[in-house]
Chemist: 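Structure below; questions to follow.
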Amino acid sequence: MKVITRFPPSPTGHLHVGGARTALFNWLFARHYHGKFILRIEDTDRLRSKQEYVEGIIEGLKWLGLHWDEGPYYQSQRMEIYKRHIERLLAEGKAYYCYCTPEELEKKRKEAMAKGQKPRYDGTCRNRNLPPKPGAVIRFKSNLVGETAVNDLIHGPIIFNNSELDDWIIQRSDGTPTYNFVVVVDDATMGITHVIRGDDHINNTPKQIQLYEALGYAPPAFAHVPMILGPDKTKLSKRHGAASVLEYREMGFLPEALINFLARLGWSYGDQEIFSLQELIEKFDISRIGKSAAVFNQEKLLWLNAHYIKQTPNEKLAELLKPFLERKGYPSTSTDYIIKVIQTLKTRAKTLLEMAEMADFYFLEEPIYDSKAVQKFLVPQIKPALKEMLHTIKGMSALDEAQLEQAFKRIVEKYALKPRNFAQAIRVTLTGRTVSPGLFEVMTVLGKEKVTKRFERILEKIKE
RNA sequence: GGUCCCAUCGUCUAGUGGCCUAGGAUACUGGCCUCUCACGCCAGAGACACGGGUUCAAAUCCCGUUGGGACCA
């Protein structure tokens with residue numbers, strides 16, 4: 001049997017990391033078994049669904065590299081299919097019209113609550129065999145005796161007592177089908193073999209299984225993956241900060257890092273931490289998914305991102321970094337120059353955004369001088385040494401790290417300086433800050449002209 | 001409130017009855033490297049929620065308690 005999985009986001013918000021992980025697991029499972037991965041847009045909620053969200057979700061999936069084999073299907077274009085299925089249930093006596101008004105139901109609900117009972121539909125219209133009527137809802141005739149078992153691939157068998165169920169609504173009074181109904185019809189008609197979804201859906205599963213059976217479809221295998229939680233251990237949401245995949249892109253994360261991180265949230269493979277996409281496809285297995293919820297912890301994502309930045313070739317990083325440099329408003333430069341800049345920054349930056357921020361002095365005509373640093377290190381006593389350094393640099397045809405270091409050491413000795421103090425003086429001169437990549441690499445990247453200029457400007461400002 | 005799920009270092013996790021004096025990763029602390037900061041390397045601290053069973057032996061199996069979460073309302 002060919003494996004078919006799906007990812008069914010509803011376009012009422014952005015693609016958040018929880019959804020992305022669900023998509024990833026479905027995608028990996030399908031790829032691992034050479035199956036099919038389907039994208040289905042659940043846009044039955046016409047009021048809250050927005051085209052921009054559809055586009056955002058698609059963009060997010062593409063950025064992560066989770067390509068689908070079929071779709072996107074839109075539920076809003078499948079209404080005929082749902083209608084046909086409802087008619088079939090009606091004709092077979094497995095569903096019925098219900099005239100109970102919301103007010104009546106509300107009253108009964110309150111009564112039940114008052115008696116300490118579970119508020120469920122009491123079946124008033126179940127056997128009345130009512131004809132269609134505008135404004136009436138359609139209910140599914142649930143099996144209310146016995147048990148329904150969900151054989152979950154992650155949790156094992158979960159047994160539900162059917163007496164907990166009631167005749168739930170499959171078509172609202174406005175004629176639209178409900179979520180649990182369309183999901184089942186879609187999954188069944190699309191031939192989904194494995195439903196991998198968040199375990200917040202576990203409680204929906206028994207009623208869905210009953211519907212599969214009523215419709216004459218074999219239920220798929222279910223795998224309910226644990227939730228992703230915020231640091232406060234509640235379901236991850238916007239109020240925990242960045243939750244949307246595209247926001248992580250804006251913050252300078254690499255898709256490889258996010259994928260790796262998401263994969264390891266709830267899934268593991270011994271002690272291994274680093275996985276390429278290809279490796280994940282080979283090694284992914286539902287049996288290695290854990291049962292307990294995981295806290296989304298950005299520190300580890302940052303570490304992974306730093307790792308992937310170090311691993312990515314400079315040429316590729318340059319292309320990725322360019323948009324961030326533009327956003328910072330730096331004057332544009334050659335790709336060759338950016339590549340050299342990156343080489344000095346790639347072990348220091350944890351995100352592309354951070355890298356762009358650390359790179360300001362490479363691109364700006366004049367560095368942004370930190371006044372405290374200037375005050376502390378660009379002192380009169382250091383001036384002669386700086387002067388001599390400038391003189392030596394001017395005498396070089398091109399800047400070379402080894403030669404620069406040699407000159408640096410010579411001058412330190414000659415003026416009996418602490419290497420640290422002289423280095424910091426040069427650093428502040430060139431970068432405006434006390435923290436930067438290695439001095440000699442900074443100088444070679446900047447080039448003789450810029451280095452000379454910055455030295456001259458600073459020397460003018462230091463009082464004798 | 002009802003139903004369901006879950007429970008190993010702060011966090012992600014390894015662990016499927018003896019290999020556990022509980023391993024790895026991250027974060028943290030200290031050291032080395034060193035022109036600063038990173039990187040890298042070395043070291044340290046840090047967990048089986050609790051209580052009962054089962055067993056020669058339990059982090060691992062069973063029951064209960066507690067705690068957390070989700071769904072429904």
Side-chain angles (χ1 to χ4, degrees), chain A residues 18 105-106 108-110 112-121 148 150 152 154-156 158-166 168 180 197-207 224-236 260-274 287-307 309-310 344-350 354-355 358 373 376-377 401 404-405 408-409 411-412 417-428 430-431 433-443:
Chain A
L105 293 171
E106 185 56 32
K108 284 175 183 168
R109 193 173 292 137
K110 279 188 180 146
M113 297 270 279
K115 279 189 234 160
Q117 286 171 345
K118 192 183 169 163
R120 296 160 48 224
Y121 180 62
T148 299
V150 179
D152 193 273
I154 292 169
H155 295 277
I158 305 170
I159 310 294
F160 290 87
N161 206 322
N162 288 343
S163 60
E164 294 294 331
L165 270 31
D166 68 353
W168 50 288
N180 281 303
R197 67 199 343 180
D199 64 13
D200 47 344
H201 288 287
I202 286 183
N203 287 313
N204 282 333
T205 313
K207 59 164 84 166
H224 287 100
V225 312
M227 304 263 80
I228 297 181
L229 272 26
D232 62 352
K233 307 231 179 192
T234 62
K235 199 175 170 180
L236 192 70
N260 196 147
F261 176 72
L262 256 19
R264 279 287 285 101
L265 219 50
W267 176 85
S268 64
Y269 192 84
D271 284 341
Q272 192 172 342
E273 297 286 348
I274 305 290
S287 69
R288 303 192 76 99
I289 297 177
K291 292 178 180 179
S292 50
V295 172
F296 187 93
N297 169 251
Q298 199 157 308
E299 286 162 350
K300 196 150 185 176
L301 173 59
L302 278 167
W303 170 72
L304 277 166
N305 204 50
H307 168 85
I309 284 177
K310 276 175 244 163
T344 72
L345 257 22
K346 74 190 300 191
T347 60
R348 286 165 236 266
K350 286 190 159 68
E354 199 179 53
M355 193 182 275
M358 293 192 304
K376 184 168 179 193
F377 292 106
E401 281 190 46
L404 287 164
E405 184 163 6
F408 174 87
K409 283 186 172 153
I411 296 169
V412 161
L417 298 166
K418 278 186 182 159
R420 178 172 195 276
N421 287 338
F422 189 39
Q424 288 300 69
I426 298 175
R427 172 165 288 113
V428 174
L430 297 175
T431 70
R433 294 196 276 239
T434 55
V435 172
S436 84
L439 270 192
F440 311 115
E441 37 180 347
V442 165
M443 289 195 254

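Labels below follow one simple rule: chain letters A, B, ... track the order of the sequence lines, proteins then strands, and each chain is numbered from 1. Remember, predicted model here, so these are calculated numbers, not experimental data.
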Chemist: Is it the case that B:C39 (base atoms only) and A:Arg348 (side chain only) share a donor and an acceptor within less than 3.5 Å, ignoring hydrogens and angles?
Modeler: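 Answer no: no donor N or O sits under 3.5 Å from an acceptor.
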
Chemist: Applying the Watson-Crick and G-U wobble criteria at under 3.5 Å, what pairs with B:A25? Answer none if nothing qualifies.
Modeler: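 Across any shown strand, B:A25 pairs with B:U11.
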
Chemist: Can you tell me the Watson-Crick or wobble partner of B:G17, both distances under 3.5 angstrom?
Modeler: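 Here B:G17 is not engaged in any pair, so there is no nucleotide opposite it.
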
Chemist: If the condition is ring pair (Phe, Tyr, Trp, His ring centres under 6.0 Å), which residues does A:Trp303 pass it with, not counting sequence neighbours?
Modeler: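 A:Trp303 satisfies ring pair (Phe, Tyr, Trp, His ring centres under 6.0 Å) with no other residue.
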
Chemist: Can you tell me, in whole Å, how much space there is between the C1' of B:U26 and that of B:U21?
Modeler: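 Result for the C1' pair: 24 Å, nearest Å.
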
Chemist: How many whole angstroms separate atom CG of A:Leu301 from atom P of B:U13?
Modeler: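 Distance, rounded to whole Å: 14 Å.
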
Chemist: For B:A59, give the paired nucleotide (Watson-Crick: N1-N3 plus N6-O4 or O6-N4; G-U: N1-O2 and O6-N3; both under 3.5 Å), or none.
Modeler: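 Checking every strand shown, B:A59 finds no partner, since no pair has both distances under 3.5 Å.
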
Chemist: Any side-chain N or O of A:Lys233 under 4.0 Å from OP1/OP2 of B:U11?
Modeler: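 Checking A:Lys233 against B:U11: at least one side-chain N or O falls below 4.0 Å of OP1 or OP2.
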
Chemist: Hey, what are the protein-to-nucleotides 5-9 of chain B N/O distances that come in under 3.5 Å?
Modeler:
from	atom 1	to	atom 2	distance (Å)
B:C5	O3'	A:His155	ND1	2.9
B:C6	OP1	A:His155	ND1	3.0

Chemist: Using the side chain to side chain contact (heavy atoms under 4.5 Å, CB included) rule, pick out the option among A:Leu345, A:Thr431, A:Thr347 that qualifies with A:Pro437.
Modeler: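 Output: one option passes, namely A:Leu345.
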
Chemist: With a 4.0 Å cutoff (strictly under), does any side-chain N or O of A:Ser268 reach OP1 or OP2 of B:A14?
Modeler: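 Yes, such a contact exists.
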
Chemist: Using the test ring pair (Phe, Tyr, Trp, His ring centres under 6.0 Å), find all partners of A:Phe377 that sit at least two apart in sequence or belong to another chain.
Modeler: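 If we apply the ring pair (Phe, Tyr, Trp, His ring centres under 6.0 Å) test to A:Phe377, skipping adjacent residues, there are no hits.
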
Chemist: Using the C1' atom as the reference point in each nucleotide, state the distance between B:C12 and B:A27 in Å, no decimals.
Modeler: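 One C1' to the other, the span is 11 Å.
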
Chemist: Given atom CG of A:Asn203 and atom P of B:U3, what is their separation to the nearest angstrom?
Modeler: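 After rounding, the gap between these two atoms is 11 Å.
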
Chemist: Between A:Glu405 and A:Asn204, which has a closest nucleotide on RNA chain B that is more 5'?
Modeler: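 With A:Glu405 and A:Asn204 compared, the 5'-side residue is A:Glu405.
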
Chemist: What is the per-nucleotide protein-contact pattern of nucleotides 17-33 of chain B, from the 5' end, where B denotes a base atom under 4.0 Å from a protein heavy atom, S denotes such proximity for sugar-phosphate atoms only, and - denotes neither?
Modeler: ------BBBSS------

Chemist: Starting at atom CD of A:Glu401, determine the distance to atom P of B:C35, rounded to an integer number of angstrom.
Modeler: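 After rounding, the gap between these two atoms is 14 Å.
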
Chemist: Let me know the distance between CG of A:Asn421 and P of B:U34, rounded to the nearest Å.
Modeler: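 About 18 Å, once rounded to whole Å.
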
Chemist: On a whole-Å scale, what distance lies between the P atoms belonging to B:G23 and B:C9?
Modeler: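 The same atom, P, in both gives a distance of 14 Å.
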
Chemist: Now, which nucleotide makes the Watson-Crick or G-U wobble pair with B:A49, with each of the two distances under 3.5 Å?
Modeler: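 Across all strands, the one nucleotide that pairs with B:A49 is B:U65.
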
Chemist: With side chains defined as the heavy atoms from C-beta onward, is the minimum distance between A:Ile158 and A:Pro206 less than 4.5 Å?
Modeler: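 The answer is no; the side chains never approach within 4.5 Å.
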
Chemist: When we call it a touch if two heavy atoms are under 4.0 Å apart, what does A:Pro226 touch: a base, just sugar-phosphate, or nothing?
Modeler: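 If one applies the 4.0 Å heavy-atom cut-off, A:Pro226 turns out to touch nothing in the nucleic acid.
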
Chemist: Please report the distance, rounded to the nearest Å, between CG in A:Leu430 and P in B:C35.
Modeler: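 Distance, rounded to whole Å: 17 Å.
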
Chemist: Which residues pass the side-chain hydrogen bond (donor to acceptor under 3.5 Å, both in side chains) test with A:Glu401, not counting sequence neighbours?
Modeler: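 Partners of A:Glu401 by the side-chain hydrogen bond (donor to acceptor under 3.5 Å, both in side chains) criterion come out as none, since no residue qualifies.
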
Chemist: How many Å lie between CZ on A:Phe160 and P on B:C71, as a whole number?
Modeler: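 Going from CZ in A:Phe160 over to P in B:C71 covers 14 Å.
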
Chemist: Just say parallel, tilted or perpendicular for the rings of A:Phe422 and A:Phe408, cut-offs at 30° and 60°.
Modeler: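 If you compare the ring of A:Phe422 with that of A:Phe408, the planes turn out parallel.
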
Chemist: Please measure how far the P atom in B:U11 lies from the corresponding atom in B:C28, and state the result in whole Å.
Modeler: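 Roughly 16 Å separates the two P atoms.
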
Chemist: So, is A:Lys418 near the phosphate of B:C35, with a side-chain N or O under 4.0 Å from OP1 or OP2?
Modeler: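 For B:C35, OP1/OP2 do not have a side-chain N/O of A:Lys418 under 4.0 Å.
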
Chemist: Could you pull out the closest heavy-atom pair between A:Lys300 and A:Glu273, with the gap in Å?
Modeler: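 Reported closest heavy-atom pair: NZ-OE1, 3.3 Å.
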
Chemist: Side-chain contact, heavy-atom cut-off 4.5 Å: A:Val435 with A:Arg348?
Modeler: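 No, too far: nothing below the 4.5 Å cut-off.
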
Chemist: Compare all side-chain heavy atoms of A:Lys350 with those of A:Ile309 and state whether any distance is below 4.5 angstrom.
Modeler: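 A side-chain contact under 4.5 Å is absent here.
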
Chemist: Contact class for A:Leu439 vs. all strands (heavy atom < 4.0 Å): base, sugar-phosphate, or nothing?
Modeler: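 Base, at least one base heavy atom under 4.0 Å.
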
Chemist: Just checking A:Lys310: base, sugar-phosphate only, or nothing, at a heavy-atom cut-off of under 4.0 Å?
Modeler: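 The residue A:Lys310 makes sugar-phosphate contact but no base contact.
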
Chemist: How close do A:Leu265 and A:Val295 get, counting heavy atoms only, and between which atoms?
Modeler: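 A:Leu265 and A:Val295 have their closest heavy atoms at CD1-O, 3.9 Å.
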
Chemist: Can you tell me if A:Lys346 has over 12 outside heavy atoms packed within less than 6.0 Å of its NZ?
Modeler: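 Result for NZ/A:Lys346: enclosed.
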
Chemist: So A:Phe261, base contact, sugar-phosphate only, or nothing? Heavy-atom distance under 4.0 Å.
Modeler: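 It contacts nothing in the nucleic acid.
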
Chemist: Determine the interatomic distance between P on B:A22 and the same-named atom on B:G46; round to the nearest Å.
Modeler: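 11 Å, rounded to whole Å.
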
Chemist: Taking atom P in both B:C42 and B:G24, what distance in whole Å separates the two?
Modeler: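 My reading of the P atoms in B:C42 and B:G24 gives 12 Å.
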
Chemist: So what does A:Gly438 touch, heavy atoms closer than 4.0 Å: a base, only the sugar-phosphate, or nothing?
Modeler: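 It contacts base atoms.
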
Chemist: Does any nucleotide pair with B:G1 by Watson-Crick or G-U wobble geometry, both distances under 3.5 Å, and what is it?
Modeler: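 Here B:G1 is engaged in a pair, and the nucleotide opposite it is B:C72.
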
Chemist: Rounded to the Å, how far apart are A:Asp200 CG and B:G69 P?
Modeler: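 So the two atoms are 15 Å apart, to the nearest Å.
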
Chemist: Output the rounded distance in Å from CD (A:Glu441) to C1' (B:A38).
Modeler: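 In whole Å, B:A38 C1' and A:Glu441 CD are 11 Å from each other.
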
Chemist: Is any N or O donor-acceptor pair between the side chain of A:Arg427 and the base of B:C35 shorter than 3.5 Å?
Modeler: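 Side chain to base: pair present.
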
Chemist: With sequence neighbours excluded, what pairs up with A:Tyr269 under the ring pair (Phe, Tyr, Trp, His ring centres under 6.0 Å) test?
Modeler: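 Not a single residue meets the ring pair (Phe, Tyr, Trp, His ring centres under 6.0 Å) criterion with A:Tyr269.
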
Chemist: Taking atom C1' in both B:G67 and B:U8, what distance in whole Å separates the two?
Modeler: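 It comes out at 16 Å once rounded to the nearest Å.
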
Chemist: For B:U34, give its Watson-Crick or G-U wobble partner with both distances under 3.5 Å, or none.
Modeler: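 When the pairing criteria are applied, nothing turns out to pair with B:U34, so the answer is none.
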
Chemist: What integer number of Å spans the P atoms of B:G30 and B:C39?
Modeler: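 Comparing P positions in B:G30 and B:C39 gives a spacing of 15 Å.
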
